[in-house]
Amino acid sequence: MSLNAGPTREEALDASVATLAALEEERGEDPIWGSMIKPALKRRNPGFNERAHGFLSFNDLLKTAEQLGLVKLEGKSRNFTVRSVRRNQ
């Protein structure tokens, strides 16, 4: 018997990284601001809510992604750009 515990943190991180990759593909070398990712993610998944995935805020989600080595945040805490780690290599 499996219990559905609801959305996971990993699903939120995967969706955010996939959305970032799509934005990078779309925008080329233009910077991707942290504030651009959530609206794009909500267009791809209208029901997305980071709190349902266990994050306090979308910035918390992005900071966790950076700690896990999935993205690179550059700049000030509320005004930063985000890059995929794969793109920085």
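Just so you know, these numbers use all the heavy atoms, side chains as well, and skip hydrogens, waters and symmetry mates.
By the 4.5 Å heavy-atom criterion applied to side chains, Glu50 and Asp60 are not counted as neighbours. You'll find the side chain of Phe48 stays beyond 4.5 Å of the side chain of Pro7, heavy atoms only. With contacts defined as side-chain heavy-atom distances shorter than 4.5 Å, the pair His53/Leu61 does not qualify.
Tracing side-chain contacts under 4.5 Å through hydrophobic residues (I, L, V, M, F, W, Y), one reaches Phe55 starting from Leu68; they form part of the same cluster. At a threshold of 4.5 Å between side-chain heavy atoms, the hydrophobic network of Ile, Leu, Val, Met, Phe, Trp and Tyr places Leu23 and Val17 in one connected group.
Note that the OG atom of Ser35 and the CG atom of Asn79 stand 7.5 Å from one another [nearest 0.5 Å]. Here CD of Glu26 is found 10.5 Å from OG1 of Thr19. Values are rounded to the nearest 0.5 Å. Going from atom OG of Ser84 over to atom NZ of Lys72 covers 13.5 Å, rounded to the nearest 0.5 Å. With rounding to the nearest 0.5 Å, the separation of CG in Asp14 from CG in Leu70 is 8.0 Å. For the atom pair CD (Glu74) and CD1 (Ile32), the distance works out to 12.0 Å, reported to the nearest 0.5 Å. The structure places OG1 of Thr81 at 12.0 Å from CG of Asp30, a figure rounded to the nearest 0.5 Å.
Closest approach of Arg9 and Gly54 over heavy atoms only: NH1-O, 2.7 Å. Residues Arg83 and Glu29 share a closest heavy-atom pair of NH2-O, 3.2 Å.
For the side-chain contact (heavy atoms from CB on, under 4.5 Å) with Ser16, the lone residue among Val71, Leu41, Val82 that qualifies is Leu41.
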Criterion side-chain contact (heavy atoms from CB on, under 4.5 Å) on Leu73 and Lys63, from CA distance to verdict: CA-CA 8 Å; Leu73 305 181; Lys63 288 176 183 177; 4.0 Å; yes
